[in-house]
Amino acid sequence: MYVAVKGGERAIRNSHELLAEVRRGDPAVPELSLEQIKQQLKLAVDRVMTEGSLYDPDLAALALKQAAGDAVEAIFLVRAFRATLPRLGYTEPLDTSRMRLWRRVSATFKDLPGGQVLGPTYDYTQRLLDFSLLEPASKAAAPEDERAADAMPRVVDLLDGEGLVERHEPPAGDPDPLDLTREPLRFPAERSVRLQNLARADEGFLLAMGYSTQRGYAHTHPFAGEIRHGAAEVEVIPEELGFPVVIGEVALTECQMVNQFAGSKTEPPQFTRGYGLAFGHCERKSMAMALVDRALRATELGEEVESPAQMQEFVLSHSDSLEASGFVQHLKLPHYVDFQAELELVRKMRRSA
Amino acid sequence: MQTVDNAERARWMGLLARAPLTVLQAWSQSDLARRCGTYVWLRRPETGLMMLRARAGGTGAKFNVGEMTVTRCALRLEETSSVGVAYVQGRSARKCEIAALADAALQVPALREEIERDLLEPLRVRHEAEAARMQRKAQATRVDFLTVARQTAA
């Protein structure tokens, strides 16, 4: 028989001490500063902000340091922290057409106003380990080009004239979206709710889901219409002022997927769209998000729902790393009583067999 | 009370909100900042969250992208009763306080011109220089397809 026992307090306390020691590593090696993490592990910081659903590079860097670089653990820490802060309000919708762009590429049009601006990208690197990084060295500043940048309108807006790409306009009355930090997820979920869920969804999960649509589990024939990365101004209307003021800037990555569409009973043949938006420079995430967003519009566009990526309940219920990691990892917590009961049951079944 | 155009006020509040803390702190030690006088809190600095909104496809229905940290406060200059408000990204109470102080003082005609000159103008120049530097670097990575075409034709 199993008898409940108390204990483990000392073991847990010492485990915390050991964790701190292991996290710090060899004390002879200089300790990481938050500034180093923010500057030199920037993409990890961006991922923690995106999936932690909190734009604050300092907190994301702190979380990464505390979690010893474990992104999912750091995301958990950031989400837990945000729950301790009061909500001061909502911002005005970000205007991504007015971003200051550091990168903008389109896979659908070679020559487009503003051109293809590669920015800082791993796309054309050789993926060979760079052993010169073994030794610290000061790098020369990147080249600058004095040519004035042309305006860079959204690629999807360029085709709008012909009506070949669906338009996205605010619905009548421009209603405020439901907020998943306030309300539970309910099905069927409208697109604004799905986008909030996808925006903080685990990158690995979305990547696999997006990949599945390319391999034939949901035929969406995507093109990367445009990817833009840069900084957007954040505007709020403070209650005591009543007019919009800029309170800061956030770095964003936006992806507009353009998908071939044969048309339906109500829609003529045209290109439909999927949308991805992430904090910082999370390009893989925003592309995967756009693929999944489009796949999840199956019902709206009159497509057969056959594949996991098209199924709202499947995608939206399993996309959150906090929930997924929590439920998977809870298995390692004591289940002594549950297991004892099942053990008894199996013994009984054996005896009566 | 003096009246200030909302657009003007939004302009300087935007500059102050994006100013580095070090620049604001240096200004707060200046004679000019001291001449703003003492102030009372209407709302002490408070850090919280604002939910960032965007639009589906950039132009469609609004959706919630995620939150950001924001600090806000409000104060009143004792001498002139001018009220300053600040909403700034991040968690710095000090930055928020100095931004609100400058906002209050900028509404005082006797102080405005000097603050414009000593604080706002350098902030604007700094902000634009940084934006321009990033733009020049981005521009250097712009693909010039014409060059490629000429080389293959030769």
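Letters go in sequence order (proteins before strands), and every chain restarts at 1. Every value quoted in this text rests on a predicted model; they were computed, and no experiment measured them.
- A:Glu249 touches chain B through backbone and side chain together, each having a heavy atom under 4.5 Å away.
- Using a 4.5 Å cut-off between heavy atoms, B:Val70 touches chain A through backbone and side chain atoms alike.
- If you measure heavy-atom distances from A:Leu101 to chain B, the contacts under 4.5 Å come from the backbone alone.
- In terms of non-hydrogen atom pairs under 4.5 Å with chain A, the most contact-rich of B:Met50, B:Arg72, B:Arg136, B:Glu46 is B:Arg136.
- Taking the six-membered ring for Trp and thresholds of 30 and 60 degrees, A:Trp102 and A:His229 have ring planes more than 60 degrees apart, a perpendicular arrangement.
- Interface residue B:Arg43: only side-chain heavy atoms are found under 4.5 Å from chain A.
- Only the backbone of A:Ala148 comes within contact range of chain B, with at least one heavy atom under 4.5 Å from a heavy atom of that chain.
- Neither the backbone nor the side chain of A:Pro57 comes within less than 4.5 Å of any heavy atom of chain B.
- Of the atoms belonging to A:Arg200, not a single heavy atom falls under 4.5 Å from chain B.
- A salt bridge is defined here as a Lys NZ or Arg NE, NH1 or NH2 lying under 4.0 Å from an Asp or Glu carboxylate O, and B:Arg117 with B:Glu113 fails to meet this definition.
- When each of A:Pro170, A:Ala231, A:Gly115, A:Gly248 is scored by its heavy-atom pairs under 4.5 Å with chain B, the top score falls to A:Pro170.
- The pair A:Asp202-A:Arg47 counts as a salt bridge, with a side-chain nitrogen and a carboxylate oxygen less than 4.0 angstrom apart.
- The only option from A:Val193, A:Leu296, A:Leu277 that meets the side-chain contact (heavy atoms from CB on, under 4.5 Å) definition with A:Leu198 turns out to be A:Leu296.
- In terms of heavy-atom pairs under 4.5 angstrom with chain B, the leader among A:Thr181, A:Asp176, A:Val234 is A:Asp176.
- Evaluated for a salt bridge (charged side-chain N to carboxylate O under 4.0 Å, His left out) with A:Glu226, the options A:Arg273, A:Arg154, A:Arg104 yield exactly one hit, A:Arg104.
- Residue A:Thr50 does not touch chain B at all, counting heavy-atom pairs closer than 4.5 Å.
- Judged purely by atom type and a 3.5 angstrom limit, A:Lys285 uses its side chain to pair as donor or acceptor with the backbone of A:Ala201.
- Only the backbone of A:Glu169 comes within less than 4.5 Å of a heavy atom in chain B; its side chain stays farther off.
- Residues B:Arg142 and A:Asp145 are not paired through a salt bridge, judged by the lack of any N-O separation under 4.0 Å between the basic side chain and the carboxylate.
- Both the backbone and the side chain of A:Arg82 have a heavy atom closer than 4.5 Å to some heavy atom of chain B.
- Of the residues considered (A:Ala290, A:Pro244, A:Cys255, A:Gly119), A:Gly119 shows the highest number of contacts with chain B, using heavy-atom pairs under 4.5 Å.
- Geometrically, A:Arg87 engages A:Tyr90 in a cation-pi contact defined by less than 6.0 Å to the ring centre and at most 45° from the axis.
- Each of A:Leu59, A:Leu85, A:Thr91 has some count of heavy-atom pairs under 4.5 Å with chain B, and the biggest count is that of A:Thr91.
- For A:Leu241, the part lying under 4.5 angstrom from a heavy atom of chain B is the side chain only.
- For A:Arg103 and A:Thr253, the side-chain atoms include no donor-acceptor pair closer than 3.5 Å.
- In the displayed structure, B:Arg44 atom CZ is contacted under 6.0 Å by at most 12 heavy atoms of other residues, nucleotides or ligands.
- Ion pairing between B:Asp5 and B:Arg11 fails under the 4.0 Å rule for side-chain N and carboxylate O.
- For chain B, the nearby part of A:Glu92 is the backbone; its heavy atoms alone come within less than 4.5 Å.
- Residue A:Thr96 touches chain B through its side chain alone, counting heavy-atom pairs closer than 4.5 Å.
- In this structure, the portion of A:Pro175 lying under 4.5 Å from any heavy atom of chain B is its backbone and not its side chain.
- Defined by atom type and a distance below 3.5 Å, a donor-acceptor pair is missing between the side-chain atoms of A:Arg100 and B:Gln135.
- Chosen from A:Gln116, A:Arg147, A:Glu190, A:Glu235, the residue pairing most often with chain B at heavy-atom distances under 4.5 Å is A:Gln116.
- For the atom pair A:Asn197 CG and B:Asn64 CG, the distance stands at 12.0 Å (nearest 0.5 Å).
- Only the side chain of A:Asp111 has a heavy atom closer than 4.5 Å to any heavy atom of chain B.
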